Amino acid sequence: MQLVWFKRDLRSEDHQALATAAANGPVLPLYIVEPELWQQPDSSARHWGFVRECLQALDQSLRALGQPLWVIQGDAVEVLSQLHQRFGISALHSHMESGNRFTFERDLRVLALCKDKAIPWLEYRQHGVLRGLRQRENWAEQWERLMSKPLVHCPPLTGPGEGPFELDFECGTDLAHRQRGGAAQGWKLFDSFVSERGEHYRQTMGQPMQAGRSCSRLSPYLAFGAMSLREVTQRSRMITKTQYTAPSAWKSSMRSFDKRLHWHCHFIQKLESEPRMEFEALHRGMQALYPAEADPLRLQAWVAGQTGWPLIDACMRAVEHTGWLTFRMRAMVVSCASYLLNLPWQSTALPLARAFLDYEPGIHYSQMQMQSGTTGINANRMYNPVKQGFEKDPAGEFVKRWCPELEAVPKEWIHMPYKAPRSLQQKWGIKLGDDYPLPLIEPEQALREARHRLKQYRAMYDLGEEAKRVLKMHGSQLRQNRPNYNDSKAGLDQLDFDF
DNA sequence: GACAATTTATA
DNA sequence: ATAAATTGT
């Protein structure tokens, strides 16, 4: 009996596993519910509903092939070892996972079991991420080659996507309209993105009120493997080629989307190549940039959306509630927590991972470190939350949706109510420090302190050699070919060009 | 023993 | 996919 082990949920490329296995004889499709995995501090347990929907969709697809999904609870090694005792596993097929330390170590135990019982374990590559990679040269070309490879035949995609369900693209507070699991849902979103919603993706992806509609919203399906990145890439390129050839908003939006599909793997590859980055600074010299322990009051205020910086608070409350936030706002909340509040990224990474419906370890830790300045090869991006507020949410709509206590504040003051004269605050009927918190620290002062800390740190350590190592192993080719990457202007990461 | 072909290991 | 390790000539 061959096992096809769906390690997360419907890993689309596991159809390759399924197809390969089925060609060799009888197959048992298996999903193991691992209690320990779901108890990890970065666990997606609160999004179990989404995962269950993905599993139901997978089960329906498999039943159509006459092989229902087996779902067994327990430790992966124990479950596999018992199945081996009962049925005799002739081969184990699964996807190649780039996950957190828990899944890495679990896979090592599974590997030991397979070696012991002489079970061949075939791990199929998911997307553009390569195992055993030592340096980034030619990575982009390889990504292109992998993405243009022909798709593996998929069983019919059924599941909750067939119902009349509509996603609330405004990311409102009604959870009846949360994102739903299953490939069919994902493809429905894909269709509406490439035909209607995505036209102004490029211009509006940074604005929290508009991004919910103009972004694809495919991230959860890609994270849980309900959709294949290769299929999304190929289909969106085909649509661009046939429908959006002339220069237009559509064309630049589609190009922008394509870049992000590429970055998806670019970031996961970092964790694959250097798994210690889940816990340690990628640039070893940057380890001491942040205190070992987070200031508990500041951390608590940030997590709860009670910092007194309206846009940050609105973002934190929104992501806690809906599981989604547009990329630019994620960058901002992390940058402000790290630079302005001096909170170590390890402490803010966990509550965010739990909140994100689309938590993908490789992207998450790459971004946490990038927005905290610990990669040593990216430009330091410090955001002023007040300035960002007036730029990205000029009418204050987003802030008012998630911080209703600020409803009466006019847009001129909405992002800095604490600066308004007392008489005005009285007129609005708001008592700061009571109805809404006073800021933990004024952004301007926090920015001054952060710049000072960084300057002092840089003066204290010689960071050049390690930066070269990180660049060689993790830098995109675009950057490696730029000679003055250390120069403050040339050192901007490619991400900066696209906002 | 030198070199080519093949297998293995690779977070 | 790739490089290192192993086997074959």
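Computed from a predicted structure; not experimentally measured.
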Ignoring backbone atoms, test whether A:Gln142 places a side-chain nitrogen or oxygen under 4.0 Å from the OP1 or OP2 oxygen of C:dT2.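 Yes.
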
Pair A:Arg317 + A:Glu320, salt bridge at N-O below 4.0 Å: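 No, no charged N to carboxylate O under 4.0 Å.
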
Please state how far atom [atom1] in [X] lies from atom [atom2] in [N], giving the value in whole angstrom units.
| X | N | atom1 | atom2 | value |
| --- | --- | --- | --- | --- |
| A:Met473 | B:dA11 | CE | P | 11 Å |
| A:Leu133 | B:dA9 | CG | C1' | 15 Å |
| A:Leu111 | B:dT8 | CG | P | 14 Å |
| A:Glu123 | B:dA11 | CD | C1' | 9 Å |
| A:Glu137 | C:dA3 | CD | P | 11 Å |
| A:Tyr124 | C:dA1 | OH | C1' | 16 Å |
| A:Glu141 | C:dA1 | CD | P | 14 Å |
| A:Trp121 | B:dT8 | CH2 | C1' | 16 Å |

Are A:Arg11 and A:Tyr124 in a cation-pi contact, defined as NZ or CZ under 6.0 Å from the six-membered ring centre and within 45° of the axis?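 Not satisfied by the 6.0 Å and 45° rule.
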
Within the side chain of A:Gln40, is there an N or O that forms a donor-acceptor pair under 3.5 Å with the backbone of A:Asp42?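 No.
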
When all nucleic acid strands are considered with a 4.0 Å heavy-atom cut-off, which category describes A:Glu97: base, sugar-phosphate, or nothing?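 The answer is base, as A:Glu97 lies within the cut-off (heavy atoms under 4.0 Å) of a base atom.
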
Quick check on the 6.0 Å ring-centre criterion: do A:His262 and A:Trp139 meet it?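 Yes, they do, as the ring centres are separated by less than 6.0 Å.
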
